[in-house]
Amino acid sequence: MKSYYTPPQNHQFFQSYYRLTPTLRLMGYLAQVITALAEIGISYRLILSSVAEVFPEYATPVAYFGAIMVTVFLEVGLRRFLPFAFRAVLYRRFSGLHLLISVPVLLITAALIVALGFLSVQGSHEVVRQIAPDPEVIPEDPILLRSEEESEHALQLWRSDSALLEQQYLSLQRGVEARYRPKIVKNPEMAASQAAEISVLQRRKTNALLDAGKRRDDRLAQIATDRREALNRIGEANRTAASVVSARTDRFGGGLAWFTLIALGVFVFS
């Protein structure tokens with residue numbers, strides 16, 4: 001089966017647009033170069049990130065080879081199939097033996113265009129996400145470390161105060177016992193007065209220890225509140241930073257996707 005290309009019959013129509021042909025042809029080649037470069041970059045990043053999880057030592061060469069194969073497959077396929085697809089529609093090659101070729105050609109062409117468009121849209125966003133800088137995250141470790149230090153200091157202060165109170169009231173009790181010792185020798189009934197006074201000291205000691213424990217608990221509660229508020233502020237700041245980076249990434253990814261789609265459209269039209 002041979003194809004014959006004859007001169008145009010509608011000379012007025014041809015003369016209106018023939019000067020556009022060289023420019024459109026050049027734009028078609030440039031558009032294919034742009035889409036090919038985008039495909040190489042997108043395919044490389046996608047294959048690299050996938051293979052690196054399983055075979056990190058072979059990730060780079062496999063990514064290079066895979067990116068080249070994907071690009072050649074798509075671009076060579078479109079370069080060869082697109083003209084036949086357009087001619088099949090233009091010349092209505094849907095009868096006889098032409099039908100056996102036209103239908104697969106149109107299906108393959110549509111599949112290649114859809115694959116390239118999907119790769120451009122999805123891959124552009126993925127590539128931008130991979131190469132975009134991470135958001136500046138405020139670490140939580142300093143807050144947690146300071147909180148632990150303050151809590152330990154509060155506990156140490158409570159233990160020191162408790163030990164000091166124990167020592168003070170022990171000294172007071174020994175003073176009472178020393179004061180009542182000669183009195184009890186002369187009058188044993190004074191032992192009851194000594195016991196009553198020591199009981200008062202014990203109650204005072206207990207109250208003082210309870211007050212120290214309450215101050216400890218209040219201080220620990222305040223430290224926990226301060227830690228929670230600080231972590232909430234850090235979390236909010238980190239979420240804001242992440243949302244800013246995500247919005248910027250979506251914006252650049254969308255721009256790259258639209259650019260490659262426009263280049264694809266120019267190539268198809270040319």
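Just the heavy atoms: all of them, side chains too, but no hydrogens, waters or symmetry mates, feed the values below. Positions are given from 1 along the sequence.
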Please examine the side chains of [Y] and [X], heavy atoms only from C-beta on, and report whether any two atoms are closer than 4.5 Å.
X    : Y    : answer
T60  : L48  : yes
D217 : K214 : no
L112 : L82  : no

Going only through I, L, V, M, F, W and Y residues with side-chain contacts under 4.5 Å, is there a path from [X] to [Y]?
X    : Y   : answer
V54  : V62 : yes
L116 : I40 : no
V72  : I47 : no
Y58  : M69 : no
L78  : V70 : yes

Testing the basics here: between [X] and [Y], what is the closest heavy-atom pair and its distance to 0.1 Å?
X    : Y    : value
L106 : V89  : CD2-CG2, 4.1 Å
P139 : P142 : O-CD, 3.7 Å
V105 : A85  : CG1-N, 3.7 Å
R219 : A154 : CG-CB, 3.6 Å
S43  : A67  : CB-CA, 3.7 Å

Non-neighbouring partners of Q194 that pass side chain to side chain contact (heavy atoms under 4.5 Å, CB included), sequence neighbours left out: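 Expected list: V176, E177, Y180, I184, I198.
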
Pairs involving residues 199-212, ordered by first then second residue, that meet salt bridge (charged side-chain N to carboxylate O under 4.0 Å, His left out) (sequence neighbours left out):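 Counting only pairs at least two positions apart or across chains, the salt bridge (charged side-chain N to carboxylate O under 4.0 Å, His left out) contacts touching residues 199-212 are E166-K205.
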
For atom [atom1] of [X], decide whether the heavy atoms of other residues, nucleotides or ligands shown that lie under 6.0 angstrom number more than 12.
X    : atom1 : result
M27  : CE    : no
E152 : CD    : yes
Q156 : CD    : yes
E57  : CD    : yes
Y44  : OH    : yes
F84  : CZ    : no
Q168 : CD    : yes

R227 and E140 ion-paired at < 4.0 Å: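 Judged by the 4.0 Å cut-off on N to carboxylate O distance, R227 and E140 do not form a salt bridge.
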
D226 side chain to Q222 side chain, donor-acceptor N/O pair below 3.5 angstrom: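 Distance-only check passes for D226 and Q222.
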
Interatomic distance, [X] atom [atom1] to [Y] atom [atom2] [nearest 0.5 angstrom]:
X    : Y    : atom1 : atom2 : value
S160 : H153 : OG    : NE2   : 9.5 Å
I108 : R80  : CD1   : CZ    : 13.0 Å
L90  : F86  : CG    : CZ    : 10.0 Å
L99  : R92  : CG    : CZ    : 15.0 Å
L209 : R216 : CG    : CZ    : 10.5 Å
I234 : I138 : CD1   : CD1   : 6.0 Å

Is [X] reaching over with its side chain to a backbone N or O of [Y], donor-acceptor style, under 3.5 angstrom?
X    : Y    : answer
N238 : V137 : no
S171 : Q167 : yes
N232 : R228 : yes
S162 : W158 : yes
S147 : I143 : no

With sequence neighbours excluded, residues passing salt bridge (charged side-chain N to carboxylate O under 4.0 Å, His left out) with R179: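 For R179 the salt bridge (charged side-chain N to carboxylate O under 4.0 Å, His left out) partners, ignoring immediate neighbours, are E197.
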
Derivation and outcome, salt bridge (charged side-chain N to carboxylate O under 4.0 Å, His left out), residues E236 and R233: CA-CA 5 Å; E236 183 64 27; R233 289 194 297 270; over 6 Å; no

